Number of protein chains: 2
Amino acid sequence: MDERQALIAFGALSQETRLRLLRLLVVAGPQGIAAGSLAEQVEVSPSNVSFHLKELERAGLVTARRDARSIVYSAEYDALSGLIRFLMEDCCSGRPEICAPALAAPCCRPGEGIRQ
Amino acid sequence: MDERQALIAFGALSQETRLRLLRLLVVAGPQGIAAGSLAEQVEVSPSNVSFHLKELERAGLVTARRDARSIVYSAEYDALSGLIRFLMEDCCSGRPEICAPALAAPCCRPGEGIRQ
DNA sequence: TCCACGTTTCAATAATCCTTGAAATGTTGA
DNA sequence: TCAACATTTCAAGGATTATTGAAACGTGGA
């Protein structure tokens, strides 16, 4: 992930509806969720959800595929990893005192697995 | 770091000048850098730098202290850790396949220390 | 006390982003 | 082919954010 892309990704995550969309897509996994279903779940209009999904797509955080009449979105795990990594190494500039506490995140401690 | 704060922080990081300011402050460490010096280094006007520093401060990513005539800013490492952690556990929702690749970041592998 | 310095605040403008609803697109089944 | 469906696109308006320069503020030294 280069800086330009990271800037766009941070912008994408800075909006509540988009953050909620992304979270739904992350837990949904590779199977993804159709745009209409996303619109229902986050309770915003289809056209507005479409607008925000486009923005997430531009940031590389989600991808779209057509499935019959629906357009199914799914999270791009690589982009998310890349963004975390950008924060860690590029932004934190080799200061372990920043990264170290983050590594205590339950989902990331080896052998612990899933959160909650 | 709660969601509200994370949204503000992502917004703060989504602007080029602010990202550059934060990076300078991260490498500067607890000693910090005066506003005027930051303005020179990023080559924007004092009033504009002040505007962006305020935004970073609102996001909790930096703090300010007065030192004689200068106002010295420094990075809030805890907030950065918190943001990384937010991405990992809240956003990635317990999917190790997202976090795992991020852990390969050089600065974060135990025993490796500083990047570059 | 007064002046110069470093910084912030303010007001105005420009730029970007978000929301809305209507119209357009592509898809499926009858 | 036609109608209904799922979604996107577009244009318009409102809201937020960024930039600029001038004025105000607090500080330290003469």
Side-chain angles (χ1 to χ4, degrees), chain A residues 3-25 28 31-76, chain B residues 3-25 28 31-76:
Chain A
E3 173 173 330
R4 184 189 132 68
Q5 202 61 16
L7 282 171
I8 299 177
F10 286 134
L13 295 182
S14 71
Q15 211 276 346
E16 194 176 357
T17 301
R18 287 195 293 259
L19 192 55
R20 286 167 64 202
L21 288 170
L22 184 64
R23 282 212 265 232
L24 289 171
L25 292 173
Q31 175 187 348
I33 305 177
S37 171
L38 285 169
E40 279 177 16
Q41 294 184 62
V42 304
E43 294 180 294
V44 315
S45 74
S47 99
N48 194 10
V49 129
S50 179
F51 169 81
H52 287 304
L53 286 170
K54 272 260 161 325
E55 198 63 19
L56 286 169
E57 202 178 8
R58 188 171 75 96
L61 295 169
V62 308
T63 47
R65 66 176 191 276
R66 181 175 280 279
D67 177 13
R69 289 200 243 213
S70 294
I71 299 202
V72 175
Y73 285 85
S74 38
E76 271 294 317
Chain B
E3 173 173 330
R4 184 189 131 67
Q5 202 61 16
L7 282 170
I8 298 176
F10 286 134
L13 295 181
S14 71
Q15 210 276 347
E16 193 175 357
T17 301
R18 286 195 293 259
L19 192 54
R20 287 165 65 200
L21 288 170
L22 184 64
R23 281 212 265 234
L24 289 171
L25 292 174
Q31 177 186 349
I33 306 177
S37 170
L38 285 169
E40 279 177 16
Q41 294 184 60
V42 303
E43 295 181 296
V44 315
S45 73
S47 98
N48 194 11
V49 128
S50 179
F51 169 82
H52 286 305
L53 286 170
K54 272 259 162 322
E55 198 63 19
L56 286 169
E57 203 178 8
R58 187 170 76 96
L61 294 169
V62 308
T63 47
R65 66 176 191 276
R66 182 175 280 277
D67 177 12
R69 290 199 244 215
S70 294
I71 298 201
V72 175
Y73 285 86
S74 38
E76 271 294 317

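Chain naming here is simple, since letters A, B, ... match the order of the sequence lines and numbering starts at 1 in each. Since the structure is predicted, the reported quantities are computational estimates derived from the model, not experimental observations.
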What closest approach, in Å, do B/Tyr73 and B/Leu25 show between heavy atoms, and which atom pair accounts for it?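 Distance-wise, the nearest heavy atoms are O-CD2, 3.2 Å.
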
Can you tell me if B/Tyr73 touches the phosphate of C/dG6, counting only side-chain N or O atoms and a distance under 4.0 Å to OP1 or OP2? no

Letter per nucleotide, 5' to 3', of nucleotides 16-28 of chain C [B base touched, S only sugar-phosphate touched, - untouched; heavy atoms, 4.0 Å]: --SBBBB----BB

Evaluation steps, side chain to side chain contact (heavy atoms under 4.5 Å, CB included), between A/Ile8 and A/Arg4: CA-CA 7 Å; A/Ile8 299 177; A/Arg4 184 189 132 68; 3.8 Å; yes

Quiz: residues 34-41 of chain B side-chain donor-acceptor pairs under 3.5 angstrom, not counting sequence neighbours:
from, atom 1, to, atom 2, distance (Å)
B/Ser37, OG, B/Gln41, NE2, 3.0

Could you tell me from which nucleotide to which nucleotide of DNA chain D, 5' to 3', there is an atom under 4.0 Å from chain B heavy atoms?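 First and last nucleotides in contact are D/dA18 to D/dG28.
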
Would you call B/Val62 and B/Glu76 a side-chain contact if the rule is heavy atoms closer than 4.5 Å? no

Inter-residue atom distance [X].[atom1] - [Y].[atom2], 0.5 Å rounding:
X	Y	atom1	atom2	answer
A/Leu19	A/Leu24	CG	CG	10.0 Å
A/Leu7	B/Leu13	CG	CG	9.0 Å
B/Asn48	B/Glu43	CG	CD	13.0 Å

Kindly write out the residues that satisfy side chain to side chain contact (heavy atoms under 4.5 Å, CB included) with B/Ala9, not counting sequence neighbours, or none if the list is empty. B/Ala59, B/Leu61, B/Leu83

Test your reading of the model: is there a side-chain donor-acceptor pair from B/Arg18 to the backbone of B/Arg20, 3.5 Å cut-off? no

Tell me the salt bridge (charged side-chain N to carboxylate O under 4.0 Å, His left out) pairs involving residues 49-65 of chain A, sequence neighbours left out? A/Lys54-A/Glu57, A/Glu55-A/Arg58

Classify the nucleic acid contact of B/Ser70 as base, sugar-phosphate or nothing, counting any heavy atom under 4.0 Å across all strands shown. sugar-phosphate

Check each residue of residues 31-38 of chain A for a non-hydrogen atom within less than 4.0 Å of any atom in DNA chain D, then write out the ones that pass by number, or none. A/Ala34, A/Ala35, A/Gly36

